[in-house]
Number of protein chains: 2
Amino acid sequence: MALHVKHLSGDKRRAITVETVIELAAEQNPNDITTAAIANRMGLSQGALFKHFPNKDAILSAVMEWVSKRLLSRVDKAVQSIASPTAALEAMFMAHVSFVAEHPGVPRMLFGELQHASDTAPKRMAQTLISHYRERIHKFIEAGKAEGELYSGLDNDAAVSLFVGSIQGLVMQSLLAGDVKKLAQEAPRVFNIYLRGIRSA
Amino acid sequence: MALHVKHLSGDKRRAITVETVIELAAEQNPNDITTAAIANRMGLSQGALFKHFPNKDAILSAVMEWVSKRLLSRVDKAVQSIASPTAALEAMFMAHVSFVAEHPGVPRMLFGELQHASDTAPKRMAQTLISHYRERIHKFIEAGKAEGELYSGLDNDAAVSLFVGSIQGLVMQSLLAGDVKKLAQEAPRVFNIYLRGIRSA
DNA sequence: CAAAAGTAAGTGAATGGTTACTTACTTTAT
DNA sequence: ATAAAGTAAGTAACCATTCACTTACTTTTG
């Protein structure tokens, strides 16, 4: 019928909830996104959220699952059918940056979750996402070395850290400037320096 | 008489408060450090804090001021009497990393403040700290170019971003590992890659 | 020089606002 | 008609801030 906005199916509602949280995280401190704010943005009452999620942590977990799936499938897609490891790293970098530009709330939520002392479910999910992400970079760096594209004396772990950090640096700068558009402009220039640091001769 | 712990002078109390907050920020999400937690760690009642600070924001502002002074003076000291711009960059990098290793709560608080939507006093202080920090790197990169130590085609802004990001990456990894000691080990290896990315020939 | 007055620092118990979550009841869709 | 989805009005916990009062030390004054 599509006319009624109320009484959506649970699956749809859960999906909308996740997108709403990510939207809100782009605008405010993820740590103080309230269930009231989420419900309000969705045009629902606060209590309605708890028909779909048992508690707030479950909402955040759903967000983390969404982020994990989308980010990893995005970078995986960007990388497939690219033969050269360094080209793959570049494609991965750009895919990640454009994902962040589309969803600025994502890195903020990730970092926000990692800050927690106790290991909550969403925190663990953030940790595994990042570890999966790092694994992918690791593979490309090893392959790049094997093919002679990368400096043979390169420290693999450090190279992975710097890859992740270079994106962090861009995110932080866009956080400071409050401007997401600059991300796309600066990204290739930062990657060029990184590439220069890891490639052979 | 030095025996009494109670009734310290206001200045001392304020200094202890700042250190306590940074200590707490190393252990838990800076966003939910409560005035009760601060007071409790100091062996004071909650109300006593407000004899020294008008409100919680003033406490956070004091923390940011502490961080700004200490971090900038630390890197400035590390750099003085170093002629070569690249050597200065390295010294600055290492000084920053060792500062963070000593005070793991600091980067967490900084990032936490930057996350806020409204611009509170402590947020503005975090912003100016970072902008001062970036200026210093900028100068060395320009000097490095002038002296031919750095790649002439280098994008200055990108190089600054990557410098900051490389530290961010290290911090994030130590956040994941929950291990601050690895910072000092990994730092030189990450900097080597960075240096390779910006230096000439 | 000591008692009185003053002051900064401390306590502990309100206070009011906010938040996650619950409950009792109503609406909608199949 | 019944189960899922929604509402509105709770509740208990928590948090920053305030307040009335006490304690430790300093300054003033008879």
Side-chain angles (χ1 to χ4, degrees), chain A residues 1-21 24-25 27-63 109 112-113 116-118 120-123, chain B residues 1-21 24-25 27-63 109 112-113 116-118 120-123:
Chain A
M1 285 301 189
L3 261 180
H4 295 97
V5 178
K6 298 197 172 182
H7 286 87
L8 282 183
S9 84
D11 280 345
K12 267 261 186 284
R13 212 34 121 191
R14 274 193 293 274
I16 292 178
T17 306
V18 166
E19 286 159 29
T20 302
V21 171
L24 286 170
E27 300 165 18
Q28 63 182 269
N29 189 339
N31 291 287
D32 39 54
I33 292 176
T34 65
T35 53
I38 301 167
N40 190 52
R41 176 72 62 105
M42 295 169 74
L44 281 184
S45 70
Q46 193 179 8
L49 278 183
F50 292 89
K51 296 283 166 163
H52 303 287
F53 299 91
N55 49 47
K56 195 187 180 186
D57 241 39
I59 298 178
L60 298 180
S61 289
V63 170
M109 291 220 56
E113 286 306 323
H116 286 103
S118 56
T120 62
K123 181 183 178 180
Chain B
M1 283 304 197
L3 262 179
H4 295 97
V5 179
K6 298 196 174 181
H7 285 90
L8 281 185
S9 84
D11 280 345
K12 267 259 186 287
R13 213 32 123 192
R14 274 192 292 274
I16 293 178
T17 307
V18 166
E19 285 158 30
T20 302
V21 171
L24 286 170
E27 300 166 17
Q28 62 181 271
N29 189 338
N31 291 288
D32 40 53
I33 293 175
T34 64
T35 54
I38 301 168
N40 190 54
R41 175 72 62 105
M42 294 169 74
L44 279 186
S45 70
Q46 199 176 359
L49 279 182
F50 293 88
K51 297 285 172 176
H52 303 287
F53 298 92
N55 50 46
K56 195 186 180 186
D57 241 39
I59 298 178
L60 299 180
S61 289
V63 171
M109 290 219 56
E113 285 306 323
H116 286 102
S118 56
T120 62
K123 181 182 179 181

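Fair warning: this is a prediction, and the values are worked out from it, not measured in the lab. Letters A, B, ... mirror the listed sequences (proteins, then strands); counts begin at 1.
Distance CG (B/L44) to C1' (C/dG12): 13 Å, rounded to an integer number of Å. Between the C1' atom of C/dA9 and the CZ atom of B/R14 lies a distance of 12 Å, rounded to the nearest Å. A straight line from CG of B/N31 to C1' of D/dC14 spans 16 Å, rounded to a whole angstrom. Spacing between atom CG of A/L49 and atom P of C/dA20 amounts to 10 Å, rounded to whole angstrom units. Between A/R13 atom CZ and C/dA29 atom P there is a gap of 12 Å when expressed in whole angstrom units. Rounded to whole Å, atom C1' of C/dT11 lies 15 Å from atom CE of B/M42. Atom CG of A/N40 and atom P of C/dT19 are 12 Å apart (whole Å).
Pairs engaging residues 48-61 of chain B under the salt bridge (charged side-chain N to carboxylate O under 4.0 Å, His left out) rule: none recorded [sequence neighbours left out].
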Enumerate all atom pairs, one protein N or O and one N or O from nucleotides 5-8 of chain C, separated by less than 3.5 Å.
none

Strictly under 3.5 Å: I want the nitrogen or oxygen pairs between protein and nucleotides 17-19 of chain D, one per line.
from: D/dT17; atom 1: OP2; to: B/K56; atom 2: N; distance (Å): 2.7

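The structure places CG of B/L24 at 12.0 Å from CG of B/N29, a figure rounded to the nearest 0.5 Å. Here the straight-line distance linking atom CZ of B/F50 with atom CD1 of B/I59 works out to 6.0 Å at 0.5 Å rounding. The NE2 atom of B/H116 sits 9.0 Å away from the NZ atom of B/K123 when rounded to the nearest 0.5 Å.
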Anything under 3.5 Å between a donor and an acceptor, one on a side chain of residues 35-42 of chain A, the other on a protein residue two or more places apart or in another chain? List them.
from: A/T35; atom 1: OG1; to: A/Q46; atom 2: NE2; distance (Å): 3.1
from: A/R41; atom 1: NH1; to: A/E23; atom 2: OE2; distance (Å): 2.8
from: A/R41; atom 1: NH1; to: A/E27; atom 2: OE2; distance (Å): 3.2
from: A/R41; atom 1: NH2; to: A/E27; atom 2: OE1; distance (Å): 2.7
from: A/R41; atom 1: NH2; to: A/E27; atom 2: OE2; distance (Å): 3.4

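Counting only heavy atoms from C-beta on, A/T34 has its side chain closest to C/dT19 among C/dT11, C/dT19, D/dC15.
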TODO: Show your working on side chain to side chain donor-acceptor pair (under 3.5 Å) between A/N31 and B/D32 and close with a plain yes or no.
DONE: CA-CA 9 Å; A/N31 291 287; B/D32 40 53; over 6 Å; no

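Residues satisfying the salt bridge (Lys or Arg N to Asp or Glu O under 4.0 Å) test with B/R14, not counting sequence neighbours, are B/D11. In this view, A/E19 satisfies the salt bridge (Lys or Arg N to Asp or Glu O under 4.0 Å) rule with no residue, not counting sequence neighbours.
Nearest heavy-atom pair across B/A62 and B/F53 is CB-CE2, 3.9 Å.
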